[in-house]
Amino acid sequence: MEHPTSKSDKMGKSRLFRVSLILGSVFMILLIIIYWDDVGATHFYLHTTISGPHTSRQPPEGNPDPKQKPEPDKEPSFLSDIDAFVNQFLVGTMDPTEQVRGQHLAADAQNQSNESKSDEKFVPRREWKIHLTPISPELKQRQEERKEMVRTLCSANSTLDFPGKNRTFDDIPNKELEHLIVDDRHGIIYCYVPKVACTNWKRIMIVLSESLLVDGVPYQDPLDVPIEQIHNSSLHFSFNKFWKRYGKFSRHLMKIKLKKYTKFLFVRDPFVRLISAYRNKFEEENQEFYKGFARVMLKRYRNYSDPPASVVDAFAAGIRPTFSNFIQYLLDPRTEKEAPYNEHWRQMYRLCHPCQINYDFVGKLETLDEDAEQLLRILRVDNVVQFPRSHRNRTTSSWEQDWFANIPYELRSQLYKLYEADFRLFGYAKPEKLLHQ
């Protein structure tokens, strides 16, 4: 016969189990509610499909060997599974209705392609381009040296110091990420630097991302993109727009793309870039830059108490800031107290954050043609676009001596200190001739 105490203990344990089960169920319901709130918000933000580069589609350089067997896939680790899940959750989701709609559109497109219509717009299919010759070892080595230079000077052991060097990517304000343009179709991130062929690279990005259509068809030739549309920010999906679309997941999504996408920038001799900026913005009639900057220079350094309001009137009267006035403006402590440097003369490291972003390709304007060809091959889009050849009168380093002839030695020295990080990070020699009296 069972002892009464034992029976009572069993009933107590059973009751305790039921209470625990109920409390656990309530906890799970609360957890699901909180989780669903986050997931629902994410699904709302991720209303478009964004996918990384599909490297499995890319054929190898040179002639493929038909006898070569594919290497067996390595067993994924637990952490890689987690990373894949997060990536799929944040990046690779698509509304099922959109998938069905996409399948129907694909089917319709296939049916239409089989019909011969006189007014049909035919867009040829673009296949991966196979190169019979690999990229030369010299070009590869040059890239490695440029990237190693940046890594070395960004390290904690380097004596080079400049504002923002040691901050993390999360420390960079959202506004300062506006120069990072994303192309999700090809898995590309481009940091544009004004006065460094950025107009043509923006043309390339518009063509690749298919963000601008004419009669419903994307532009295929970069030179066909209307000049007034090239710098239209609405055509470029940049990092500073992520918060509006992805909310609190924006930084994590940026880091995923920075890890998986190919990142590049183009740089230029810092002093030559300043000369180019001055020529373009202050030697040509530009009302925006005249009103915002030239009038300030004329008041401060040319003793014009009330310069003309119109750039046309000012130029007609022979009134314009000199290059020396421009340098004075850059070195004036009041300038950056009022507002950050304009992007056309802001330091390149401040635009692209090379110590926080590990760029895969560092191009230079001085080797633009070679670098552009090499980069498009690396991106495997050289069958889709070709970099436009520039026929304009490009400012070159040989002009530096003439332009700085009337700049006092003290100002030249101060100017070098202001742009020293750009000189050293990107491998430009110190302009010794300009810095000696």
Side-chain angles (χ1 to χ4, degrees), residues 153 160-163 193-198 266-286 288-305 307-308 311 314-315 317-352 364-366 392-437:
L153 293 175
L160 177 65
D161 191 26
F162 51 89
V193 177
K195 308 313 303 173
V196 190
C198 77
F266 272 75
V267 295
R268 184 180 195 177
D269 181 290
F271 278 4
V272 179
R273 179 170 170 253
L274 291 180
I275 297 171
S276 178
Y278 172 79
R279 292 180 64 207
N280 180 237
K281 301 305 178 185
F282 302 114
E283 284 198 333
E284 299 177 10
E285 293 186 2
N286 187 314
E288 178 187 355
F289 278 79
Y290 174 79
K291 180 180 179 181
F293 306 101
R295 293 187 83 245
V296 175
M297 299 178 202
L298 292 171
K299 289 178 181 179
R300 288 182 183 175
Y301 319 118
R302 297 288 300 278
N303 297 320
Y304 283 97
S305 58
V311 66
F315 273 47
I319 300 173
R320 67 184 73 180
T322 64
F323 184 64
S324 181
N325 297 150
F326 177 52
I327 301 303
Q328 288 176 283
Y329 174 78
L330 295 176
L331 296 173
D332 194 328
R334 293 172 290 181
T335 299
E336 285 233 274
K337 287 182 180 179
E338 296 168 354
Y341 278 165
N342 178 271
E343 63 178 2
H344 292 83
W345 47 83
R346 193 181 308 167
Q347 293 92 330
M348 294 180 285
Y349 78 85
R350 291 173 61 185
L351 297 174
C352 294
K364 290 189 176 185
L365 192 72
E366 293 79 4
R392 295 189 61 183
N393 183 16
R394 185 185 299 167
T395 307
T396 63
S397 57
S398 61
W399 298 13
E400 279 185 337
Q401 202 69 32
D402 294 334
W403 278 90
F404 281 90
N406 296 322
I407 308 297
Y409 163 77
E410 186 63 30
L411 295 187
R412 297 183 202 177
S413 181
Q414 292 177 27
L415 191 68
Y416 175 75
K417 291 299 295 181
L418 191 61
Y419 289 89
E420 182 181 12
D422 278 352
F423 273 98
R424 295 184 60 185
L425 282 169
F426 302 117
Y428 289 99
K430 186 176 181 179
E432 298 289 355
K433 290 184 179 180
L434 297 180
L435 300 178
H436 282 83
Q437 290 181 318

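Computed from a prediction, not measured in an experiment: that's the story for all the values here.
- One finds the CZ atom of F404 at 9.0 Å from the CG atom of L435 (value rounded to the nearest 0.5 Å).
- The aromatic ring centroids of Y349 and F426 lie 6.0 Å or more from each other.
- In terms of heavy-atom proximity, C198 sits nearest to K195 at SG-N, 4.5 Å.
- The closest donor-acceptor contact from the side chain of R273 to the backbone of V196 lies at 3.5 Å or more, if one exists at all.
- Under a 4.0 Å N-O distance rule, the pair E338/R334 does not qualify as a salt bridge.
- Using modelled atom types, one side-chain atom of Y341 and one backbone atom of L330 make a donor-acceptor pair closer than 3.5 Å.
- For the pair V311 and N286, the tightest heavy-atom approach, listed with the atom from each and the gap, is CG2-N, 3.9 Å.
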The test is side chain to side chain contact (heavy atoms under 4.5 Å, CB included); show your working for L298 and Y290 and say whether it passes. CA-CA 10 Å; L298 292 171; Y290 174 79; 4.0 Å; yes
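- Nearest approach of E400 to D269, heavy atoms of both residues: OE2-OD1, 2.9 Å.
- Residues Y428 and K364 meet the side-chain proximity criterion, which asks for heavy atoms closer than 4.5 Å.
- The distance from the CD atom of Q328 to the CZ atom of R302 is 10.0 Å, given to the nearest 0.5 Å.
- Note that CD1 of I327 is 11.0 Å distant from CD of Q414, once rounded to the nearest 0.5 Å.
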For F271 and L415, what are the C-alpha separation, side-chain angles and deciding distance, and is it a side chain to side chain contact (heavy atoms under 4.5 Å, CB included)? CA-CA 9 Å; F271 278 4; L415 191 68; 3.7 Å; yes
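- The shortest heavy-atom contact between P194 and L351 is CD-CD1, 3.8 Å.
- In this structure, D332 CG and K337 NZ are separated by 9.0 Å, a value rounded to the nearest 0.5 Å.
- Across K299 and S305, no two heavy atoms sit closer than the pair CE-O, 4.0 Å.
- Ion pairing of E343 with R346 is absent here, as no side-chain N (NZ or NE/NH1/NH2) approaches a carboxylate O to less than 4.0 Å.
- Summarising the geometry, atom CZ belonging to F266 is positioned 11.0 Å from atom CD belonging to E366; distances are rounded to the nearest 0.5 Å.
- Heavy-atom neighbours of E432 CD from other residues, nucleotides or ligands within 6.0 Å: above the threshold of 12.
- Ring geometry for Y416 versus F423: interplanar angle of 30 to 60°, hence tilted.
- Shown here for T335 and R300, the closest heavy-atom pair between the two residues is OG1-NH1, 3.9 Å.
- Ring orientation note: the planes of Y329 and W345 are nearly perpendicular, at an angle over 60° on the 30°/60° scale.
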Show the numbers, then the answer: is there a side chain to side chain contact (heavy atoms under 4.5 Å, CB included) between N280 and F289? CA-CA 10 Å; N280 180 237; F289 278 79; over 6 Å; no
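- Note: D422 CG to F162 CZ = 9.0 Å, rounded to the nearest 0.5 Å.
- Considering only heavy atoms from C-beta on, R279 comes within 4.5 Å of W399 through its side chain.
- Figure legend: cation-pi geometry between R320 and F282 absent, as NZ or CZ is not positioned both under 6.0 Å from the six-membered ring centre and within 45° of its axis.
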